[in-house]
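Values in this document were obtained by computation on a predicted structure and should not be read as measured data. Convention: sequence-line order gives letters A, B, ...; per-chain numbering from 1.
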Amino acid sequence: MSVRPIAIPQAASPFHDRPSARRLLELDWILLLATLLLIGYGLAMGYSITIEDRTFSGDVGQQVLRGVLYAVIGLSAMAIVAVVDHAWLGTLAPLIYIGTLALLAIVLVIGDSTLGATRWVTIAGFKFQPSEFAKVFMVIVLAKWFADRDVRSPFTLLGGLALLAAPVGLVFKQPDLGTSLVFLGMFFGLAFIAGARLWHLTAILAAGAAAIPVLWGFLKEYQRARLTVFLDPYSDPQGAGWNIIQSLIAVGSGSLTGKGLTAGTQSPLGYLPIAESDFVFSGLAEDLGFIGAAILFVLYIVLLLSALRIAYGSRDAFGTYLAGGVAAMLAFQIVVNVGMAVSLMPVTGIPLPFISQGGSSLISICFALGALQSISMRREQKTLG
Amino acid sequence: MIDRSERHFVHPRRLAAVALAIVGVFVVLSVRMWDLQVVNGSHYRELAEQNRVMRSPVLAARGVVYDRSGRLLARNDPGFAVSVVPVDVPRARQDDLASRLAVLVGRGSDEILRAITDQRARNPYEPVQVSARPVGRETALLLVERAELYPGVRVTAEAMRAYVDGPLYSPILGYVGPIDEEELAERKGGGYLLQDTIGKTGLEWQYEGYLRGTLGWREIERDASLRELRTLALVPPKPGNDLVLTIDDRLQRLMNEELEKGVKEDKFSQAVGVAMNPQNGEILAMVSIPAYDNNAFVQGVSAAQMKAWNSDDRRPLVNKAIGDIYPPGSTFKMVTGLTALSTGVATRNTVVNVSSNVLVVDGWRFYDWRAHGPLNFVDGFAHSSDIYFYTLGGGNPYTGQRGAGPEAMAKYGRMLGFGAPTGIDLPGEARGIMPDPLWKLATFDEPWTLGNTYHAAIGQGFVAVTPLQLLNAYAAIANGGTVYKPHLLKEVRSGDGRTVHTEQASVARKLDVKQEDLRLIRESMRRVVTIGHAFMPDAKLPIAGKTGTAEFGESGGLDSAGRHKLGFHNWFVSFVPKADNADPTAEIAMVIFTFDSSRSVCDSCFNPAIALTQKILETYKGVRPAAGVP
């Protein structure tokens with residue numbers, strides 16, 4: 001049974017649906033404000049990281065400009081997606097799905113390898129990370145899948161999982177365990193918000209848990225060590241636990257107010273590995289202290305709750321699921337990244353939204369938030385009076 | 001209002017649950033952050049600081065050693081330490097590297113290999129020192145020039161102890177070497193490092209505390225690969241203090257030269273010479289031949305060399321002036337004489353008629369070296385009559401004279417310092433043996449006999465002394481009854497020349513004897529020379545002394561140097577009084593002890609120690625015409 005409530009009918013083509021002035025006012029301004037503040041925060045951290053990077057020999061201004069450029073591209077993408085009726089994303093979902101698989105497949109064929117992982121492709125001089133876009137695209141694909149079917153049917157759930165299996169497999173092959181986990185986290189969050197039966201979800205999780213011993217065998221030695229060592233990083237302080245201990249030292253040494261932007265020592269002296277992405281939060285907490293971290297948390301909460309409110313107000317199921325999926329995806333990434341930095345979660349290479357440096361992550365998130373704004377502008381209206 | 005019926009795809013409770021979960025997770029994260037940053041912030045700040053700053057020790061320069069006139073005896077030369085940075089050594093080549101280095105730094109290749117692999121596991125970027133001791137310039141140059149053969153090898157400067165005259169001073173100075181685990185454990189908290197150098201023996205050991213200095217520290221900012229970025233702070237090391245010895249290098253050299261010449265001319269195979277100022281216990285010279293080159297220990301002694309030294313029966317590694325004990329022979333008659341005078345069994349006029357060269361008691365025969373005829377104390381001492389001193393020590397059944405007895409001899413012998421270390425500031429001093437009936441019962445479970453007394457009276461039998469003990473006892477005679485603790489340290493100076501410590505003369509005890517008895521001994525000693533018993537032709541100095549010939553060990557066969565073992569050793573212990581009246585103001589006392597220098601105890605037997613004494617003292621005092629001048 002397909003569900004397609006239409007309060008504002010879908011336009012005949014994306015170009016027919018120009019938002020009116022009234023719709024522009026229906027932008028989620030709080031979400032927009034949180035987004036802009038987070039982008040600003042990310043730029044500030046990018047500046048600090050560049051200054052603290054002792055191996056960086058280029059022009060600091062140019063590096064900051066690059067961040068600004070990504071932000072402009074991201075905001076432009078957000079604007080464009082916001083203007084278009086989000087239903088078109090649903091319409092294009094099959095194409096998006098095929099495109100996602102193609103992108104991920106291309107990575108494995110022509111991708112650039114760094115640190116033993118193949119995650120990047122260079123197209124027309126631009127280096128980007130398809131798995132970042134794949135995360136957002138799969139939210140669209142799954143939202144569409146659930147919106148068009150009875151979520152309460154186990155077949156819908158299993159079908160969604162089957163859809164997800166291919167990109168998860170491709171990402172896992174890179175190998176990128178962290179992103180694979182983000183896909184799964186996003187799936188369960190989306191399915192939960194979409195109203196899947198709890199016992200179905202529980203059963204899948206139980207089956208997954210039962211399969212862990214089997215999946216464990218597929219993991220490489222270093223991945224296993226990283227997944228377990230957070231329980232007691234001091235069990236292997238010079239080996240797998242080293243990153244975690246150094247991250248804890250960075251975070252803890254920030255104290256209440258931090259050492260000041262660009263004044264951290266753990267990152268410039270090389271104690272924080274991948275300080276611009278995986279362990280970016282450790283550097284932030286070292287520089288800006290508890291207060292800096294708390295401000296970041298508040299911005300994240302505002303962003304995520306705004307996404308949930310948009311899900312609540314969406315005119316259609318696709319919009320609700322899309323917004324819910326985006327919220328679930330971002331929340332999962334934030335929690336896993338921050339949890340890793342403070343040794344509450346295993347070490348997985350997941351970027352921290354807005355703060356980790358890198359255009360792919362920022363632009364893909366902006367794309368998703370654009371979709372959220374689109375949903376917001378086309379939401380159900382409360383009857384006036 | 002929103003039409004709920006048309007919006008069944010929205011599940012408000014699930015959305016609320018997700019919102020709640022999100023807020024809850026952030027609360028958990030915030031609590032964790034609060035715990036890390038606010039509750040434990042200072043702890044982590046400290047850890048971050050430790051990460052950033054490495055405290056690395058800066059070694060202090062070891063103090064140098066001078067003789068009393070300022071001549072340098074031990075100094076520090078530039079040497080080199082060899083380290084390996086494991087990350088720069090390809091695993092495939094590390095076995096090869098270890099065996100190459102083993103040859104150059106004098107350590108086992110397996111030991112070096114273990115050091116490298118251990119460090120590789122610990123921190124492959126940090127160099128690990130593989131040389132236990134400093135290596136010389138040639139080795140350092142080789143390592144640097146043939147770098148392709150020695151991947152990952154770093155050569156850094158490290159001071160190397162150098163002993164200016166090697167064997168001349170090795171019995172006194174000893175040497176330094178790498179600290180071992182036991183020494184490190186003993187000095188825990190004393191600022192010693194794992195690869196440190198420490199005084200192993202001799203004055204280097206004795207005055208380690210003065211010589212060592214205090215480590216400095218350098219605080220270095222470093223990165224995670226432990227690359228040193230810049231120096232943040234430097235606590236400069238405090239260099240060790242310099243030692244000024246009581247040794248007079250001129251006398252030391254002179255004595256060594258003369259004794260070496262005697263060995264070369266095959267007059268004797270080993271020799272000891274010690275000179276001191278009897279007025280304060282300062283040692284002016286201390287020679288023990290053969291000695292060893294202590295520089296060899298600084299760079300590491302080969303197993304073959306060590307084996308050769310250890311198997312050499314002339315014991316080159318032992319400072320024979322203090323570390324080995326010998327029968328003092330006739331020089332011990334001073335003890336017997338002083339005992340007899342002090343206990344009243346003899347006076348200067350006590351006459352013993354030595355009508356035969358043998359004294360037969362209970363069928364045992366005790367020989368003198370000739371039939372002297374009647375002798376008073378001075379002549380008995382001067383002619384070194386054995387029967388005279390048998391009588392003073394143990395009595396004479398034929399004349400009915402009473403002897404002092406073994407207990408009294410032991411009492412005065414101990415008062416003079418026999419049977420106990422003198423307390424000189426050197427390690428490895430022997431006690432010697434001052435026997436008495438109780439000692440014999442405890443040691444051999446046998447009763448004391450008259451024969452034991454007779455033998456002890458002439459310094460044979462159980463009596464055993466170190467050359468220094470003998471000298472120190474005679475010094476007490478020379479200075480009028482004060483036994484000093486002999487010492488080699490004159491003063492301690494800081495690096496900038498300030499005197500931080502002056503060693504004072506230290507009195508061990510005063511002799512409980514009459515001054516006139518001491519004067520009588522001194523007079524008798526002078527008579528030894530004036531009657532020609534100790535023949536000193538054309539003497540320029542009023543030397544007083546006592547000869548001694550001791551039977552020691554076996555005669556016959558060859559020693560390690562291929563010389564004939566003669567079985568008899570010669571002593572001459574002497575001092576130079578200001579005038580001929582043997583006053584107690586002598587400023588130099590000396591003992592010369594030569595090994596395998598005569599075939600038997602006899603008057604005409606050549607005692608090389610006498611001529612050596614005359615030559616050394618006269619040359620030292622500048623009263624002897626230079627060699628070659630008729």
Going from [atom1] on [X] to [atom2] on [Y], what distance comes out if it is rounded to the nearest 0.5 angstrom?
X: M186(A); Y: L142(A); atom1: CE; atom2: CG; result: 5.0 Å
X: S253(A); Y: H43(B); atom1: OG; atom2: NE2; result: 11.0 Å
X: Y150(B); Y: R93(B); atom1: OH; atom2: CZ; result: 10.5 Å
X: I310(A); Y: T320(A); atom1: CD1; atom2: OG1; result: 11.0 Å

If I measure from the heavy atoms of chain B, does [X] come under 4.5 Å with its side chain, its backbone, both, or neither?
X: L305(A); answer: side chain
X: L344(A); answer: side chain
X: F281(A); answer: side chain
X: S343(A); answer: both
X: A307(A); answer: neither
X: I291(A); answer: neither
X: Y321(A); answer: side chain
X: A311(A); answer: both

Among [options], which has the most heavy-atom pairs under 4.5 Å with chain A?
options: M33(B), R32(B), R13(B); answer: R32(B)
options: V25(B), L36(B), I22(B); answer: L36(B)
options: L47(B), V38(B), L15(B); answer: L15(B)

query = Would S109(B) and S99(B) count as having a side-chain donor-acceptor pair, cut-off 3.5 Å?
reply =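 No, no side-chain donor-acceptor pair sits under 3.5 Å.
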Between S306(A) and D28(A): side-chain donor-acceptor atoms closer than 3.5 Å =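 No, because no side-chain N or O of S306(A) sits under 3.5 Å from a partner of the opposite role on D28(A).
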What residue in [options] has the most heavy-atom pairs under 4.5 Å with chain B?
options: L198(A), V338(A), V151(A); answer: L198(A)
options: A328(A), A196(A), A341(A); answer: A196(A)
options: V335(A), L256(A), L304(A), L248(A); answer: L248(A)
options: A327(A), G258(A), A285(A); answer: A285(A)

task = Output yes when R187(B) and E208(B) qualify as a salt bridge under the 4.0 Å nitrogen-oxygen rule, no when they do not.
result =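 Answer for the salt bridge query: no.
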query = When you look at CZ of R146(B), are more than 12 heavy atoms from neighbouring residues, nucleotides or ligands closer to it than 6.0 Å?
reply = no
query = Ignoring hydrogens and geometry, is there a side-chain-to-backbone donor-acceptor pair from S376(A) to L372(A) under 3.5 Å?
reply = no
inquiry  = For a 4.5 angstrom cut-off between non-hydrogen side-chain atoms, does V153(B) reach S83(B)?
reply    = no
